[in-house]
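Reminder, nothing fancy here: chain letters follow the sequence lines and each chain counts from 1.
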Amino acid sequence: MTTFAIIVSTAPTDNRTLTALKFAQALLTQGHQIEGVFFYQHGVINANVYLQTPSDEINHLTAWEAFYDVTKTPMHLCISAAERRGLTDSNTPGFSHNIAKNFTISGLGELVVLTNKAEKVIQL
Amino acid sequence: MTTFAIIVSTAPTDNRTLTALKFAQALLTQGHQIEGVFFYQHGVINANVYLQTPSDEINHLTAWEAFYDVTKTPMHLCISAAERRGLTDSNTPGFSHNIAKNFTISGLGELVVLTNKAEKVIQL
Amino acid sequence: MISNNRIAIVNTATTFDDFKAKEALDLALIFASYEMPVALFFMADGVFQTKANQNPEGIGNKDFIATFKALGFYDIDDIYICQEDMVERMIEGELSVDGAEILPRTQFKQTLNNYDLVLTF
Amino acid sequence: MISNNRIAIVNTATTFDDFKAKEALDLALIFASYEMPVALFFMADGVFQTKANQNPEGIGNKDFIATFKALGFYDIDDIYICQEDMVERMIEGELSVDGAEILPRTQFKQTLNNYDLVLTF
Amino acid sequence: MANLHIVRSSGFTHNKLRQCLQTLMAADQIILIDDGVYNASHPDMMPLLNTHKVYALQDHIQARGLTPVPSGIELCQYDDFVALTIGSDKVITWQ
Amino acid sequence: MANLHIVRSSGFTHNKLRQCLQTLMAADQIILIDDGVYNASHPDMMPLLNTHKVYALQDHIQARGLTPVPSGIELCQYDDFVALTIGSDKVITWQ
């Protein structure tokens, strides 16, 4: 059993995001452990609760949410990267929390923690 | 006087977005007319009302909103491209309208109309 | 108004490069639905879109490449592929598009130059 | 846990290429603030970040390149630039970073190989 | 008439400069903006300067610390950029 | 030990394949995924096949219609991809 951390940097319009999810699923199927998935750069857009795609295409938000429901793998969102891209965890006047429920609001410090916990860190 | 349409395809984290705005401002300063700015591909993210940036950096949303307030240049948002990237014009349960007020919700057909109206079409 | 307004959509991106191929095709289809003359050009990595036997559904996408076989139905009949870029990328045999003209680079660029509006993806 | 956990942040993007340079620097500074050994590597178009006299504020950005002069203050002392990539891009004279080592490609990659975790931007 | 090609990314990393050159007609002009200004010193650019007019947006050159630019490349402002688009048959963007 | 390099974009368009090759150590391995699988037929890949082990993710090859792949490139599944990351000293991603 090996412990992993995965960094996701690609947007929900980018097919590479599915690769990261499938890699994560393969890890768990093989009995390895994921300390956390960290969403950084354009990867944060995957956590926007309002992502919509036609029914015959994969919805990356739904896919990651389902992955969490089944596996309880921690999914961390870099809030400073997210705010630049239209996500907010605030409900103060002018804002309305729009980060999907299975994502944990984090800072870059959480990535440092994951890096120390996991034996393997993979950027995908 | 020449009439223009501008297509903006770059995200608010992309410095090229400012180039499009400055080009648009230069057009108007020189007495030309902009039939419309059309936000497509990652350009739609600029219309997310919750975009936040540190105070010492340009906020592209605020910049485009101010551009509209001064010039009343039509700013069209391709809604299908926008929905894939977490923007929504819906207030049905589970959704909360998050498109900034100065953007007009449009489809690709509007780009066809702009293309027919304008003498010059510039992708920026 | 641009006289005639013949429109060229130039594909330079691969099939799955951040949705560019799909958003270019959507735009081409809209122009065609407004009965505006629209042509598709494939060059650089865009020629990878013309490869036969792609399977977008295998990686979670809608099979938008299948639409390439029905472009005539949408009145998009002018489709051009850059020959040198195909050769460089070893694309040969059956293609994903019907009725495309494979043009040497010199002719490809001259053909492109005949259009009034050129949009690149 | 990765033993020692020496971290290399590799910059391959230009100064203004879709925020990659800024988000790489932010990450390097965080690692350093947790007192983890972190090094910066500049290669390919990343070497453009090391050019002196850049002016991010002139195009609406925070001058994050100015931080390159203060990396020692953040305990980031290991900074490497690929010589061949600098030469190819005609970068010479004063640099935006202090105390960087300019290494030929062979040494550059051997130095990079000494790190336990390599993150590319 | 002739076309204006806008180049917006570095030819050292992306294929866009080459794509521009592969569609360039004899009378066409080029303007380098954004990361496209790095192409001012790209090897593919040098031979071109004898045959084509090449501009670079001064703001973007300065933001990247690229002065002085190689001779043969003309620095310009946004106003000139606008004039170039109006003076051309069509504008093709490589980004 | 050795490193695993993950290549995720086309070397015909982007500089990432070259960046990988410029940092490759003698014992390192490469896996081509996403648009990186187009590099299976890239000229820079050919000489490499004599000296380094190169894998390509079969799902991504098939999605792009790239079969058959040049001999010397080994097709693999996600499970193999996982095993390769575990068997390597560190993993470097070029995207």
* Crowded around C:Lys62 NZ? As in, over 12 foreign heavy atoms under 6.0 Å? -> no
* To do: Examine whether an atom of C:Asp85 lies under 4.5 Å from a heavy atom of chain E, and if so say whether it belongs to the side chain, the backbone or both; otherwise answer neither.
  => side chain
* Take E:Lys16 and C:Thr120 through the test side chain to side chain donor-acceptor pair (under 3.5 Å) and record every step on the way to the result. => CA-CA 11 Å; E:Lys16 290 291 159 188; C:Thr120 62; 5.7 Å; no
* Is there a side-chain contact between C:Asn113 and E:Lys90, using heavy atoms and a 4.5 Å cut-off? -> yes
* To do: Using a 4.5 Å cut-off on heavy atoms from C-beta on, say whether the side chain of E:Thr23 contacts that of C:Met43.
  => yes
* Distance, nearest 0.5 Å, that separates OH of C:Tyr115 from CG of E:Asp89 -> 14.5 Å
* **Nearest-0.5 Å distance, CD of residue C:Glu84 to CD of residue E:Gln22** => 8.0 Å
* Value rounded to 0.5 Å, distance of OG1 in C:Thr12 from CG in E:Asn15 -> 8.0 Å
